[in-house]
Amino acid sequence: MADEKKAKRTHKRTVAPFPIIIYTITAIWCALFLLIFLWGIVQSFKHPVNFLADPLWFPQKKYGGWRFSNYLTAFKNMQIYLPAKHREVSFLEMLYNTLFFCFAYSLVAVIAPMLTSYVYAKYSKRCPWVKLIWIILLINLYVPLSASLGASLKLAMQLGYYDNMYYFLVVAMSGFNGNFLIYYATWKGLSWDFAEAAMIDGANPWKIFFKIMFPMTINIFVVLFVAQFIGYWSDYQTPMVFLPSHPTLAYGVYRFQTSIVDGASEPPIKIAALIAVAVPMFALFMVFRKKMMNSLTVGGLKG
């Protein structure tokens with residue numbers, strides 16, 4: 001009995017309050033986020049009069065009940081007129097632009113730093129001068145450069161990739177972005193014994209990378225690709241500034257929120273447009289949440 005009481009007292013003393021506070025704050029934040037998200041879903045099915053009369057509860061029968069037609073109205077009226085082209089971009093065209101923008105740009109935004117970080121991590125000892133790349137990378141990431149947007153826009157016009165979705169892939173093909181640091185840490189933690197064993201068997205550097213190293217980091221690749229995809233999906237500033245003739249859904253929703261189109265300016269319809277664009281990324285995160293949270297491990301050697 002004395003040993004049990006002593007163990008209980010020891011257990012009570014080892015309980016740290018800091019993790020409890022952090023977990024509590026995180027739980028409250030998540031609950032508020034889900035509450036706002038669910039509130040938006042409910043309000044998107046309301047009649048405009050019902051929304052003004054009672055913006056908190058479920059749709060009421062006396063106002064027409066649940067209005068599923070709000071989403072159809074949002075899809076129909078979420079268009080962007082291009083004065084330079086003298087035409088309107090429909091929802092389906094914005095969906096195509098979004099899928100291409102997110103998939104292609106996310107792919108090159110992960111592949112490029114994966115390759116550059118691999119060369120830097122595994123072959124930098126042979127070329128000491130490449131350490132300058134590390135300094136340039138840190139300056140580019142953490143030192144704010146004033147008027148960089150204007151300079152980037154002028155450079156895009158001069159090089160010819162302004163307002164061109166295919167040429168603009170060159171901008172996303174940056175080998176020294178935030179993903180470089182993640183992949184660099186991954187390559188540094190990956191044993192080089194696999195490559196040395198393959199070299200003895202006659203494998204060249206390309207075969208070592210694609211058949212040995214890259215398969216062991218496929219989880220990192222998937223996680224970074226999904227995270228980049230979600231980020232590009234909600235990015236409306238890049239298409240608005242650099243690709244004005246190729247608007248995406250995020251840009252379309254941004255413009256739709258300020259539109260005064262008859263029959264589409266009511267808050268429930270605008271909320272429906274927001275929910276329609278947000279739900280796919282929410283579903284994508286829910287599908288890959290375990291991989292994104294638990295799969296950032298690589299290796300193959302037992303200690």
Side-chain angles (χ1 to χ4, degrees), residues 74-75 77-113 116 136-181 224-261 264-265 270-271 273-282 284-285:
F75 295 152
N77 291 278
M78 195 166 65
Q79 300 177 350
I80 295 180
Y81 179 73
L82 303 177
K85 304 291 184 178
H86 301 288
R87 69 182 185 90
E88 287 188 349
V89 180
S90 63
F91 176 85
L92 292 178
E93 186 174 350
M94 284 189 286
L95 178 61
Y96 168 77
N97 293 338
T98 302
L99 294 177
F100 178 84
F101 179 72
C102 295
F103 184 83
Y105 284 55
S106 300
L107 195 62
V108 299
V110 177
I111 291 178
T116 54
I136 296 174
L137 171 65
L138 295 179
I139 294 175
N140 181 54
L141 288 178
Y142 299 109
V143 177
L145 300 177
S146 60
S148 60
L149 179 61
S152 299
L153 185 61
K154 185 177 181 180
L155 181 64
M157 292 179 178
Q158 292 178 345
L159 295 181
Y161 59 80
Y162 172 77
D163 204 15
N164 190 308
M165 290 191 69
Y166 305 100
Y167 292 165
F168 199 74
L169 280 171
V170 178
V171 178
M173 200 178 299
S174 172
F176 302 98
N177 52 26
N179 293 333
F180 176 93
L181 299 177
L224 293 179
F225 177 82
V226 173
Q228 203 77 41
F229 192 95
I230 295 175
Y232 279 126
W233 182 275
S234 59
D235 181 13
Y236 70 91
Q237 293 181 338
T238 300
M240 180 175 62
V241 176
F242 294 97
L243 304 169
S245 299
H246 306 276
T248 59
L249 288 179
Y251 180 36
V253 169
Y254 171 77
R255 290 283 299 272
F256 186 69
Q257 300 305 306
T258 59
S259 65
I260 54 174
V261 180
S265 58
K270 292 184 177 182
I271 295 176
L274 290 172
I275 296 298
V277 175
V279 164
M281 291 302 99
F282 183 78
L284 183 65
F285 175 78

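All values derive from a computational prediction rather than experimental measurement.
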Undergrad: Ignoring hydrogens and geometry, is there a side-chain-to-backbone donor-acceptor pair from N179 to V110 under 3.5 Å?
TA: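 No.
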
Undergrad: Find the distance between CD (E93) and CD (E88) and round it off to the nearest 0.5 Å.
TA: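 The CD atom of E88 is 11.0 Å from CD of E93, to the nearest 0.5 Å.
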
Undergrad: From Y251 OH over to M240 CE, what is the distance, rounded to the nearest 0.5 angstrom?
TA: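 The CE atom of M240 is 6.5 Å from OH of Y251, to the nearest 0.5 Å.
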
Undergrad: Atom CG in L107, atom SG in C102: separation rounded to 0.5 Å?
TA: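 These two atoms lie 12.5 Å from each other.
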
Undergrad: Shortest non-hydrogen contact from M94 to G252?
TA: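 That closest heavy-atom pairing would be SD-CA, 3.7 Å.
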
Undergrad: Looking at V277, is its backbone amide N or carbonyl O close enough to the side chain of W233 to form a donor-acceptor pair, meaning the two atoms are under 3.5 Å apart?
TA: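 Yes; at least one donor-acceptor contact below 3.5 Å.
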
Undergrad: Ignoring hydrogens, what is the shortest heavy-atom contact between L243 and M165? Give both atom names and the distance.
TA: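 Smallest heavy-atom distance, with atoms named: CD2-N, 3.9 Å.
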
Undergrad: Could you tell me which non-hydrogen atom of T248 sits nearest to which non-hydrogen atom of D235, and how far apart they are?
TA: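 Closest approach of T248 to D235, heavy atoms only: OG1-O, 4.0 Å.
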
Undergrad: Within the structure provided, determine whether F101 and T238 are in side-chain contact (heavy-atom separation under 4.5 Å).
TA: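 They are in side-chain contact.
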
Undergrad: Quick check: F100 with Y166 (ring centres under 6.0 Å apart)?
TA: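 Centroid distance Y166-F100: below 6.0 Å, so yes.
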
Undergrad: Distance check, rounded to the nearest 0.5 Å: L274 atom CG versus L249 atom CG?
TA: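 L274 atom CG to L249 atom CG measures 11.5 Å (nearest 0.5 Å).
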
Undergrad: What closest approach, in Å, do A250 and S234 show between heavy atoms, and which atom pair accounts for it?
TA: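 Nearest heavy atoms, A250 then S234: CB-C, 3.9 Å.
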
Undergrad: So, for N97 and P247, which heavy atoms are closest and what is the spacing to 0.1 Å?
TA: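 Looking at all heavy atoms of both residues, the shortest contact is ND2-O, 3.1 Å.
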
Undergrad: Please evaluate residues Y236 and V253 with respect to the criterion side chain to side chain contact (heavy atoms under 4.5 Å, CB included), reporting the C-alpha separation (whole Å), side-chain torsions for both, the decisive distance (0.1 Å), and the verdict.
TA: CA-CA 9 Å; Y236 70 91; V253 169; over 6 Å; no

Undergrad: Assess whether atom CZ of F75 is packed by more than 12 heavy atoms of other residues, nucleotides or ligands within 6.0 Å.
TA: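 Atom CZ in F75 is packed in, count exceeds 12.
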
Undergrad: Please report the C-alpha distance between L155 and Y161 in whole Å, then the side-chain angles of each, then the deciding distance to 0.1 Å, and finally whether the side chain to side chain contact (heavy atoms under 4.5 Å, CB included) criterion is met.
TA: CA-CA 9 Å; L155 181 64; Y161 59 80; 4.0 Å; yes

Undergrad: Could you walk me through whether Q228 and Y105 pass the side chain to side chain contact (heavy atoms under 4.5 Å, CB included) check?
TA: CA-CA 8 Å; Q228 203 77 41; Y105 284 55; over 6 Å; no

Undergrad: If you round to the nearest 0.5 Å, how far is CG of L99 from OH of Y232?
TA: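 Between Y232 OH and L99 CG, I get 15.5 Å after rounding to 0.5 Å.
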
Undergrad: Is there a side-chain contact between P244 and Y162, using heavy atoms and a 4.5 Å cut-off?
TA: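 Side-chain contact under 4.5 Å: yes.
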
Undergrad: Let me confirm one number: the CD1-NZ distance from I275 to K270, rounded to the nearest 0.5 Å.
TA: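 Atom-to-atom, I275:CD1 and K270:NZ are 15.0 Å apart.
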
Undergrad: Answer with yes or no after comparing the ring centroid distance for F103 and F225 against a 6.0 Å cut-off, counting only values under it.
TA: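 Between F225 and F103, which both carry aromatic rings, the centre distance is below 6.0 Å.
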
Undergrad: Does the side chain of R87 come within less than 4.5 Å of Y81's, by heavy atoms?
TA: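 Heavy-atom side-chain distance check fails, nothing below 4.5 Å.
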
Undergrad: Give me the atom names and distance for the closest heavy-atom approach of P280 to A276.
TA: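 Between these two residues, the closest heavy atoms are CD-O, 3.1 Å.
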
